[in-house]
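Quick caveat, the model's predicted, so the values are computed rather than measured.
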Amino acid sequence: MHMPSSSTDIAAVAERVAAGRERILAEIRKVIVGQDTVIDEVLMALFTGGHCLITGVPGLAKTLLIKTVAQILDLSFKRIQFTPDLMPADITGTEVLDEENGHRSLRFVKGPVFAQIILADEINRTPPKTQAALLEAMQEYHVTAAGRTYQLERPFFVLATQNPIELEGTYPLPEAQLDRFFFKLLVMPPAPPELREILKRTTGAEIPDAGRVLPDDNGDLVNAMKQLLRQVMIAPPIEDYVVRLVHATQQDGQNGGAAKTSVKQYIRFGSSPRGAQAIILGAKGNALVEGRVHVSYEDVEKITLPALRHRIILNFQAEAENITADQVIGEVMKQVPRQ
């Protein structure tokens, strides 16, 4: 994709991006029933270069969704099933000893992390050492083995899932590691009409399949969009709105932090600066895929929940009263005026 040099060029590219998104969504909907919000957020994270943490009970098509996205965009895909006995080398790869004509040499065999889209299934079932191996690859975009560095192919997108109902034998991600994820997404069970459509598609004679929208693109579109969205404009008042939203989640802010007791009493730790970065980049991405070159307040408000829900650490009182991070963020958004 040619990088535009003027606002007119950016607007023209934004229109093509919006049209491309509709083609992608049309193909996804051939396979996935419902989950429109999650699909939008997954594409948004992919185009902005961020990784996603997704929570949902088994059987809600999390694997199928990300595999379908990889197929549509013609990107390589690997699934890693995390278990308590999984070792870092099982993810990154290992060196093996080759012998030929009496000469021995070490050869690095790449692990499943060497793909463009990774599904890290049930990441909270593996020990911290193995979690750290994947998180390092997410952050640095390379793997180090035996003192040598191996670059990962771009785009590199990780969708990590957590099973909320299997608590025994799990290793929850520390708060500092959660902060490295761009979005946290929630997958909800289908409504009855959606469940009927799922049964119709999966128990009949014909199995729907998604086609490639950009064959042989090899991720060029995704890489180009990651650069393009930096040129999407955001007005200072909207940027200030993001600053005030994130600041309002913090307990010890110099200008008041969490403004009202109804919010402040439930927050142990507020969002880091990464939360503000995720909101702005996500809002720019949302504007771009809708064919616009300016961020709106609506873009910001659409992105705030997935960008902050894993960055707000609630206290014991919130847990005792069954208060969720989404409820706290919703209250913050009500209390913080746009201007």
**OP:** State whether the side chain of Thr48 and the backbone N or O of Ala45 hold a donor-acceptor pair below 3.5 Å, judged by distance alone.
**Re:** yes
Subject >> Donor-acceptor pair, side chain of Arg180 and main chain of Glu136, under 3.5 angstrom >> reply: no
Original post:
Leu186, Phe181: one ILVMFWY side-chain cluster at the under-4.5 Å cut-off?
Top reply: no
Original post:
Will you find, in the side chains of Tyr266 and Glu319, an N or O donor that is under 3.5 Å from an N or O acceptor?
Top reply: no
Original post:
Do you reckon Val232 sits in the same ILVMFWY cluster as Leu46, going by side-chain contacts under 4.5 Å, direct or chained?
Top reply: yes
Original post:
Out of curiosity, does Leu64 fall in the hydrophobic cluster containing Leu43 (side-chain heavy atoms, cut-off under 4.5 Å, transitive links)?
Top reply: yes
Original post:
Going by atom types only, do Asp326 and Thr324 share a side-chain donor-acceptor pair under 3.5 Å?
Top reply: no
Original post:
Looking at side-chain heavy atoms only, is the closest gap between Val38 and Ile54 below 4.5 Å?
Top reply: yes
Original post:
Should the pair Phe157 and His51 be assigned to parallel (<30°), tilted (30 to 60°) or perpendicular (>60°) ring geometry?
Top reply: parallel
Subject >> Test side chain to side chain donor-acceptor pair (under 3.5 Å) applied to Gln265 and Gln317, step by step >> reply: CA-CA 8 Å; Gln265 64 180 334; Gln317 183 178 350; 3.2 Å; yes
Subject >> Donor on one side chain, acceptor on other, Gln162 and Glu122, under 3.5 Å >> reply: no
Original post:
Within a reach of under 6.0 Å around NZ of Lys67, are more than 12 heavy atoms found that belong to other residues, nucleotides or ligands?
Top reply: no
Original post:
Does Val332 belong to the same Ile/Leu/Val/Met/Phe/Trp/Tyr cluster as Val243, with side-chain heavy atoms less than 4.5 Å apart forming each link?
Top reply: no
Subject >> Candidate pair Glu301 and Tyr241, rule side chain to side chain donor-acceptor pair (under 3.5 Å), full reasoning >> reply: CA-CA 10 Å; Glu301 290 164 353; Tyr241 177 54; 3.2 Å; yes
Residues 287-296 side chain polar contacts: donor-acceptor under 3.5 Å, at least two apart:
residue : atom : partner : partner atom : Å
Glu290  : OE1  : Arg292  : NH2          : 2.7
Glu290  : OE2  : Asn286  : ND2          : 3.4
Arg292  : NH1  : His294  : O            : 3.1
Arg292  : NH1  : Asp299  : OD2          : 2.9
Arg292  : NH2  : Asp299  : OD1          : 2.8
Arg292  : NH2  : Asp299  : OD2          : 3.3
Ser296  : OG   : Glu298  : N            : 3.4
Ser296  : OG   : Glu298  : OE1          : 3.4
Ser296  : OG   : Asp299  : N            : 3.2
Ser296  : OG   : Asp299  : OD2          : 3.2

Original post:
Should Val187 and Val33 be counted in the same cluster of Ile, Leu, Val, Met, Phe, Trp and Tyr side chains packed under 4.5 Å apart?
Top reply: no
